[in-house]
Amino acid sequence: MDEKMSLTVADAVDYKGHPADKSRTGGWVPAALSLGIEICERLSTMGIAVNLVTYLGGTMHLPSATSANVVTDFMGTSFLLCLLGGFLADSYLGRYRTIAIFAMVQMLGTCLLAVSTKLPQLRPPPCKYTNVTQCEQANSFQMGILYLSLYLIALGTGGLKSSVSGFGTDQFDEKNEKEKAQMAYFFNRFFFVISTGTLMAVTVLVYIQDEVGRSWGYGICSASMFIALMIFFSGTKRYRYKKCSGSPIVHICQVVSAASGKKTAKLPSDISLLYEDLPEASRIHHTDQFRFLDKASVVTEDDYRQGSFMMNPWKLCAVTRVEEVKKMIRLLPIWATTIIFWTTYAQMITFSVEQATTMERTIGHFQIPAGSLTVFFVGAILISLAVYDRFIIPLCKKWRGEPGFTNLQLIGIGLFLSAMGMAAAAVVEVKRLSVAKKYNETTTLPITVFYLIPQFFLVGAGEGFIYTGQLDFFITQSPKGMKTMSTGLFLTTLSLGFFFSSLLVSIVKATTGSSDKQGWLGEHINKGRLDCFYGLLAALSFFNFGLFLLSAAWFRKKTVKQAPETEIIVKESTIEEKC
């Protein structure tokens with residue numbers, strides 16, 4: 001019996017529902033089959049996002065600020081829907097079905113987008129004027145088709161991003177040292193794949209969109225996802241499948257519901273009287289923070305029916321479940337102070353790309369597509385990670401005896417670099433606007449686009465640090481039973497960062513402009529004060545950096561008061577305590 005168990009994975013099954021055989025399922029090859037899906041997801045999402053603003057302004061004739069908001073709303077929704085994808089995968093569909101369904105949804109969205117950019121009926125007539133206010137804007141039907149295709153892609157992205165990495169790690173047995181090492185290798189290659197997909201999107205795909213045709217570029221995304229999906233399906237018999245364990249969101253709601261229902265209950269002076277039913281090895285010790293949640297673990301007369309103890313998870317929760325929620329709450333200050341970074345990131349794929357369209361982009365006889373300037377952004381990510389891995393980590397080991405910076409230090413470095421990036425962007429925009437005033441009627445300004453490299457490089461390097469720091473922080477500091485929830489919490493910072501960008505643009509446009517005055521942001525960036533907007537973002541970023549330092553200090557100084565080791569056993573109508 002023990003020999004048979006050693007040949008199977010305890011918490012996984014094969015495609016027939018039988019215990020997964022280690023020799024026939026899982027491992028590096030099945031895990032790698034899902035990477036094609038991730039490449040195509042990055043190719044579609046980033047290939048569309050970095051060049052969409054030029055299409056909205058140049059073809060659909062939308063004003064500058066409106067175009068930027070369409071892009072940031074699209075990206076924000078993509079990451080927000082990761083919560084929906086994670087919930088469905090954990091509670092109902094499982095990761096395999098979630099990937100299959102949402103990959104097809106994204107494929108449908110890119111196919112529809114290719115059609116909408118090809119048919120003349122789905123876009124306004126061409127316009128020879130440089131000022132979009134003199135051109136006919138896209139009507140509601142044309143914008144409706146565009147929005148439908150974009151948000152189908154966003155829905156697909158949300159489902160895929162929440163499940164692909166998790167499904168890949170499901171193919172490895174953490175209890176097996178060999179497979180555990182393979183899983184670490186998979187994580188390293190997974191981030192490399194994300195960067196590869198992004199690099200292909202901002203170079204090859206953007207070039208095809210600008211020089212061959214957008215419908216060709218988006219059609220390639222759809223065809224690539226179809227091929228990746230077929231490769232993914234080919235591994236069906238070799239995958240390991242984890243059973244749906246329920247969503248952590250439900251557990252959080254149960255704790256909040258139980259605590260609210262017992263808000264008048266008195267907390268016992270002895271915390272060992274609080275309800276606990278998990279084995280000792282799985283318990284989390286009680287802490288004094290957020291004590292109002294402890295009421296969810298208070299046993300009252302309402303927990304008995306006709307003399308028998310009835311455990312209802314919506315009315316009574318174990319101490320460990322309550323402490324899991326407390327741990328998630330402790331993450332919130334750090335979570336809140338990382339949102340602004342993704343607001344600065346949003347400017348790199350919106351206003352910075354618009355800046356590039358007005359600047360000199362030729363090298364010899366080759367003109368660099370405006371959207372491809374983000375290659376410096378991706379390059380900064382790869383360079384910063386390489387420098388950190390090859391130089392900083394060995395130096396930290398040598399001088400401090402620690403393997404690099406802590407996750408909070410990495411986040412802090414990322415926030416500081418992004419603030420510097422916005423300050424650099426403001427300085428460069430002052431220079432660009434001064435040239436624009438001299439050459440008011442010129443379509444392409446006589447100023448090189450390479451002036452934009454510092455802002456792309458600083459924010460890109462910031463992402464290299466903050467992305468790895470955030471991911472490590474939320475995974476390592478969250479309770480074991482809420483790893484999926486912590487990943488979702490991390491992804492919501494991206495979503496809210498993009499939405500905050502849209503909100504900030506709308507507020508600035510409304511407060512600085514009027515019917516006879518453009519203000520900082522408006523119809524065309526050459527007529528506005530984008531430098532002031534960048535300066536505002538730099539000031540907000542430095543202020544947020546200060547808040548982060550305070551939040552990090554609070555998080556590190558949190559004290560944990562451990563409860564005496566207590567075992568609580570529930571037996572039908574009685575509760576026995578053993579100390």
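FYI, the numbering just counts along the sequence from 1.
Expressed to the nearest 0.5 Å, how far NZ of Lys266 lies from OG1 of Thr300 amounts to 14.5 Å. Separating the CD1 atom in Ile340 from the CG atom in Leu537 is a distance of 6.0 Å, to the nearest 0.5 Å. The distance from the CG atom of Leu108 to the CZ atom of Phe102 is 13.0 Å, given to the nearest 0.5 Å. Interatomic distance, Leu274 CG to Glu323 CD, rounded to the nearest 0.5 Å: 9.5 Å. A distance of 10.5 Å separates OG in Ser551 from CD1 in Ile411, rounded to the nearest 0.5 Å. The CE atom of Met104 lies 11.0 Å from the CE atom of Met225; values are rounded to the nearest 0.5 Å.
A heavy-atom distance below 4.5 Å is found between the side chains of Leu410 and Tyr388. Side chains of Val508 and Val505 form no contact here, defined as non-hydrogen atoms less than 4.5 Å apart. The closest side-chain heavy-atom distance from Val298 to Tyr275 is not below 4.5 Å. Side-chain contact check for Trp554 versus Pro333: some heavy-atom pair is nearer than 4.5 Å. With a 4.5 Å cut-off on side-chain heavy atoms, Leu52 and Leu150 count as touching. Within the 4.5 Å cutoff, no side-chain heavy atoms of Phe377 are placed close to those of Ile349. Looking at heavy atoms from C-beta onward, Leu267 lies out of side-chain contact with Phe292 at the 4.5 angstrom threshold. Side chains of Phe542 and Phe416 form a contact here, defined as non-hydrogen atoms less than 4.5 Å apart.
Under the 6.0 Å cut-off for aromatic ring centres, Tyr239 and Phe232 qualify, their centroids lying closer than that. Aromatic ring centres of Phe473 and Phe555: separated by under 6.0 Å. For Tyr15 and Tyr96, the distance between ring centers is not under 6.0 angstrom.
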Show your working on side-chain contact (heavy atoms from CB on, under 4.5 Å) between Phe74 and Ile153 and close with a plain yes or no.
CA-CA 9 Å; Phe74 163 67; Ile153 295 168; 4.0 Å; yes
Given Phe499 and Leu80, is the side-chain contact (heavy atoms from CB on, under 4.5 Å) satisfied, shown in steps?
CA-CA 10 Å; Phe499 284 135; Leu80 186 63; 4.0 Å; yes
CA sep, side-chain torsions, deciding dist, call: Lys327, Glu324, salt bridge (Lys or Arg N to Asp or Glu O under 4.0 Å):
CA-CA 5 Å; Lys327 276 196 166 189; Glu324 286 178 340; over 6 Å; no
Let's go through Gln289 and Arg330 carefully: what are the C-alpha distance in whole Å and the side-chain angles of both, what is the deciding distance for side chain to side chain donor-acceptor pair (under 3.5 Å) to 0.1 Å, and is it a yes or a no?
CA-CA 9 Å; Gln289 282 183 310; Arg330 291 188 194 106; 2.5 Å; yes
Using side-chain contact (heavy atoms from CB on, under 4.5 Å), reason through Phe79 and Trp342 one step at a time and then give a plain yes or no.
CA-CA 11 Å; Phe79 289 109; Trp342 300 104; over 6 Å; no
Side chain to side chain donor-acceptor pair (under 3.5 Å) between Thr157 and Thr45, worked out:
CA-CA 7 Å; Thr157 298; Thr45 306; 3.0 Å; yes
When you look at Tyr467 and Phe341, which way does the ring pair (Phe, Tyr, Trp, His ring centres under 6.0 Å) test go after all the steps?
CA-CA 10 Å; Tyr467 193 99; Phe341 172 85; 9.6 Å; no
Please walk me through it: do Glu276 and Val322 pass side-chain contact (heavy atoms from CB on, under 4.5 Å)?
CA-CA 10 Å; Glu276 178 66 277; Val322 174; over 6 Å; no
Assess the residue pair Phe351 and Phe533 against the criterion (ring pair (Phe, Tyr, Trp, His ring centres under 6.0 Å)); give the C-alpha distance rounded to whole Å, side-chain angles, the decisive distance to 0.1 Å, and a yes or no.
CA-CA 10 Å; Phe351 288 121; Phe533 180 69; 5.7 Å; yes
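Thr406 places a side-chain N or O within 3.5 Å of a backbone atom of Gln409 that can act as its donor or acceptor partner. Without hydrogens or angle criteria, Gln347 side chain to Thr343 main chain gives a donor-acceptor distance under 3.5 Å. No donor-acceptor distance shorter than 3.5 angstrom exists from the side chain of Thr350 to the backbone of Ala68, with no hydrogens or angles considered. Side-chain atoms of Thr320 come within 3.5 Å of backbone N or O of Ile284 as a donor-acceptor pair. Looking only at distances, no side-chain donor or acceptor of Lys509 sits under 3.5 Å from a matching main-chain atom of Leu521. For Ser495 (side chain) and Leu491 (main-chain N/O), no donor-acceptor pair under 3.5 Å exists by modelled atom type. Under the 3.5 Å distance criterion, the side-chain polar atoms of Gln106 are left unmatched by any main-chain donor or acceptor of Leu152. Checking side-chain atoms of Gln171 against main-chain N and O of Phe167 turns up a donor-acceptor pair under 3.5 Å. Looking only at distances, no side-chain donor or acceptor of Trp314 sits under 3.5 Å from a matching main-chain atom of Ser257. With Ser44 contributing its side chain and Glu41 its backbone, the two residues share no donor-acceptor pair below 3.5 Å.
Side-chain N/O atoms of Ser418 and Ser541 include no donor and acceptor closer than 3.5 Å. When only modelled atom types and interatomic distance are considered, Asn544 and Thr337 share no side-chain donor-acceptor pair under 3.5 Å.
With sequence neighbours excluded, the residues that form a side-chain hydrogen bond (donor to acceptor under 3.5 Å, both in side chains) with Asp294 are His286, Arg291, Lys326. For Ser506, the side-chain hydrogen bond (donor to acceptor under 3.5 Å, both in side chains) partners are Asn69, not counting sequence neighbours. The salt bridge (charged side-chain N to carboxylate O under 4.0 Å, His left out) search around Lys262 returns Asp303, not counting sequence neighbours.
Between Thr72 and Ser501, the closest heavy-atom pair is CG2-OG, 3.7 Å. The two residues Ala103 and Leu160 come nearest to each other via the heavy atoms N-CD2, 3.7 Å. In this structure, Thr492 and Leu489 approach most closely via the heavy-atom pair OG1-O, 2.5 Å. Taking every heavy atom of both residues into account, Ala265 and Lys295 meet most closely at O-CE, 3.2 Å. Shortest non-hydrogen contact noted between Cys317 and Ala258 is SG-CB, 4.0 Å. Contact record, Ala89 with Ser163: CB-OG, 3.7 Å, taken as the closest heavy-atom pair.
Using a cutoff of 4.0 Å between basic side-chain nitrogens and carboxylate oxygens, Arg240 and Asp14 are not scored as salt-bridged.
Within a 6.0 Å radius of OH in Tyr241, other residues, nucleotides and ligands contribute more than 12 heavy atoms. Residue Phe290 places its CZ atom among more than 12 non-hydrogen atoms of other residues, nucleotides or ligands, all under 6.0 Å distant. Heavy-atom neighbours of Phe233 CZ from other residues, nucleotides or ligands within 6.0 Å: above the threshold of 12.
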